Number of protein chains: 2
Amino acid sequence: MPTIFDVAALAGVSKSTVSNVVRGTDGVSERTRARVERAIEILGYRPNALARQFVRQRTTILGVLVGDLDNPFYGDIAKRLERVAFENGYTTMFCNIEGQDEDFALSRVEALLEQRPAAIVFLAFFGRSPDIQAALHASVPVVFAGLREDWGDSVSVSNSQGGALATQHLINLGHRRIAYVTTPSLEQRAGQARHRGYQSALRAAGARHLPPIHWEPGSERARMRGREVALRDQLGGADGATAVFCSNDIGAIAMLEYADRHGIRVPEDLSVVGFDDVHLASLARISLTTVRQPLDEIATEAVELVLARLDGSLEGPPRHVRVSPSLVVRSSTAPPSSP
Amino acid sequence: MPTIFDVAALAGVSKSTVSNVVRGTDGVSERTRARVERAIEILGYRPNALARQFVRQRTTILGVLVGDLDNPFYGDIAKRLERVAFENGYTTMFCNIEGQDEDFALSRVEALLEQRPAAIVFLAFFGRSPDIQAALHASVPVVFAGLREDWGDSVSVSNSQGGALATQHLINLGHRRIAYVTTPSLEQRAGQARHRGYQSALRAAGARHLPPIHWEPGSERARMRGREVALRDQLGGADGATAVFCSNDIGAIAMLEYADRHGIRVPEDLSVVGFDDVHLASLARISLTTVRQPLDEIATEAVELVLARLDGSLEGPPRHVRVSPSLVVRSSTAPPSSP
DNA sequence: CCGCATCGTTGGAACGTTCCATCGCCGGCC
DNA sequence: GGCCGGCGATGGAACGTTCCAACGATGCGG
């Protein structure tokens, strides 16, 4: 494999000049540049990224910490992130953090950090403990994509606005008993903001909000106001909610499953709204009304934030970019049949 | 950040000895080792991965080329691969190749190769042209996971066996007019083997096989025997197929969508079988009968093959590991109502 | 008692870049 | 005509490891 010296020899210049050409430094005459480029062409020279990284003590690797690659929401945004990063000359390195175990996640992060990535993108919540934050923050720029954290830059949808959008839609359809369902294991802090949006929309409409339902998909039971209840009792019927706003699509789809299994018709007996607009949601058999996150925008902005930090054009305290959610109405919502 | 020299100075030994300790070379006395380890502890020394990679001209990065991270099948196997690789001390680097454009894919591969990964795992077909194969193969070990290619190691399900399994299931239910549907854009070479399995099962049962249907999800039309036909005419009714075996789950789910839109009831009018057993397939609203690939096994074996190549314990021509597919019966299949 | 093998340790070279200080050359201005 | 400024090209140092040849000490056998 040819090195910079081989190119220099062939072009009849010094290695430094070749380096200047390769890196696009200005101050190289047109003639020389052409000669060098020709030599590069002939030899099929490719700069050794390892050597470059070594001497500069930084890479063009973008480390990405993913909550669960298998979750279509993450898969989707990971894919877009990869594309935008690539367009900007960065290679992405994914680490899958499967939530549960903070120690495990930490070892993962350390392995990633050993590769000295130029920056780290979080697609998962991580690093509650202050020392981890400090360690990470000191060594590399950090950006949160799709979620908001205070200790780093972030670009995210306004979750409260999205929550309000979803809830307003249900109110407009005539629903008054609207429940908010959150799925702890899938849940991120984003859920709290979505809940606030839900509350404010109901308040504005003069309707009362029900206590949030904490439900683990697959379970028959849920928690409300700290007490355990049967989920079935909370849905449909004379007293139950006529509509639910689930804090994310995966939870919402699980809710559809639950309804199917228990003979609750959607949307006749129960309207369901999700959040994220994962691909799944658009399948005819699911057809979930949901709040869309503009993933392309999120990915693009996230990479831009990172690049700005890297080239020094952005400094100072964390910057938080907000993008707008939008409502996607499908067939899991309808006016209540028994208002 | 302390270097190997700082440790050496503190421990009162040479940098070489520190290096030996860090790398676990034997031939270091117990006393010295203890002293060095203590120095490492005190200074909080961490070897510089960049420097190591540079001098060794290889990394502990496992490059993974993914067909489409957003496709749940790939997302799922990518996640497992990441886990197994991590357990073996490797970090994974994903590159998303979105199929369409070979040039685009090539530039992506080159960017990946620039990072000098220890090996490359393919989760996508790539590199039809012999020079690409040669280039890749010469520089790093290559393994195909979940699919089979002749120019590198591979670990994959027996696609023909899986095809036979699916088809046999339909035959057992009483179907005789069974169509094989392939979705070119999602399709890989694996489809051919699945088709062979389909054919052999029908042959064994004394039934005739229909010409394969090439169908692009979303389209109303398909190709059969090189002629364009309306897909609707091929399904259900007195003449049409009473069952279809789709070469992958995403295609099968699209087929369910198509059936829904055209008033074809599944499974009453049409049984549908897929291939892969993606998560989606198990949703109650989809409930697709399909052929499962043992993804964990595939991921594990793939990494093991790579490691064997890397430590030299496996040499010679490509090794092909076979794992067994299994049938997962759900509710998209039933006996034909009009036999 | 000397030579030789063995074991643990060591210093030097090499890896392929980037970055910086410096150099030579040429042209313009005093 | 000499001096100076600027531009383009250059050589050297540095980055932190790994790997290898060589070294000294020690013990053992002839």
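Proteins come first, then strands; the chains are lettered A, B, ... in the order of their sequence lines, and each starts at number 1. Hydrogens, waters and symmetry mates play no part in the numbers below; they use all other heavy atoms, side chains included. In this text the structure is predicted, and so the values were computed from the model without any measurement.
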Exercise. State which residues pass side-chain hydrogen bond (donor to acceptor under 3.5 Å, both in side chains) with Arg35(A); sequence neighbours excluded, sorted by chain then number.
Key: none

Self-check item: With sequence neighbours excluded, residues passing side-chain hydrogen bond (donor to acceptor under 3.5 Å, both in side chains) with Arg309(B)
Solution: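 Once residues adjacent in sequence are excluded, the partners of Arg309(B) under the side-chain hydrogen bond (donor to acceptor under 3.5 Å, both in side chains) criterion are Asp153(B).
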
Does any non-hydrogen side-chain atom of [Y] lie less than 4.5 Å from one of [X]?
| X | Y | value |
| --- | --- | --- |
| Ile298(A) | Arg80(A) | no |
| Gln115(B) | Thr59(B) | no |
| Val278(B) | Asp76(B) | no |
| Val157(B) | Asn159(B) | yes |

Pull out every residue in [range] that has a heavy atom closer than 4.0 Å to any atom of DNA chain D, ordered by number, or say none.
| range | answer |
| --- | --- |
| residues 34-42 of chain B | none |
| residues 11-29 of chain B | Lys15(B), Ser16(B), Ser19(B), Arg23(B) |
| residues 43-58 of chain B | Tyr45(B), Pro47(B), Asn48(B), Ala51(B), Arg52(B), Phe54(B), Val55(B), Arg56(B) |

Please name all residues satisfying ring-ring contact (aromatic ring centres under 6.0 Å, His included) with [X], sequence neighbours left out, ordered by chain then number.
| X | value |
| --- | --- |
| Tyr90(A) | none |
| Phe73(B) | none |
| Phe54(A) | Phe54(B) |

Self-check item: side chain to side chain contact (heavy atoms under 4.5 Å, CB included) partner of Ile120(A), the single match among Val64(A), Val140(A), Ile61(A)
Solution: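 The option that passes is Val140(A).
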
Self-check item: Contact boundaries on DNA chain C for chain A, cut-off under 4.0 Å to non-hydrogen atoms
Solution: dG16(C) to dC19(C)

Quiz item: Considering the options Phe144(B), Phe94(B), Tyr74(B), which one meets the ring-ring contact (aromatic ring centres under 6.0 Å, His included) requirement together with Phe122(B)?
Solution: Phe144(B)

Quiz item: Looking at Thr91(A) and Ala111(B), what are the two nearest heavy atoms and their distance?
Solution: OG1-O, 4.4 Å

Self-check item: Pairs involving residues 82-94 of chain A, ordered by first then second residue, that meet salt bridge (charged side-chain N to carboxylate O under 4.0 Å, His left out) (sequence neighbours left out)
Solution: Glu82(A)-Arg108(B), Arg83(A)-Asp296(A), Arg83(A)-Glu98(B)

Quiz prompt | Where at least one partner belongs to residues 29-49 of chain A, residue pairs that pass ring pair (Phe, Tyr, Trp, His ring centres under 6.0 Å), sequence neighbours excluded | solution =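 Qualifying pairs: none.
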
Practice problem: Might you confirm whether atom CZ of Arg319(B) has over 12 heavy atoms from other residues, nucleotides or ligands at distances under 6.0 Å? | Solution: no

Practice problem: Identify all stems in which DNA chain C takes part, counting only runs of at least 3 consecutive pairs (Watson-Crick or G-U wobble, each distance under 3.5 Å), and give each as one range with another, ordered by first number. | Solution: C:1-30 with D:1-30

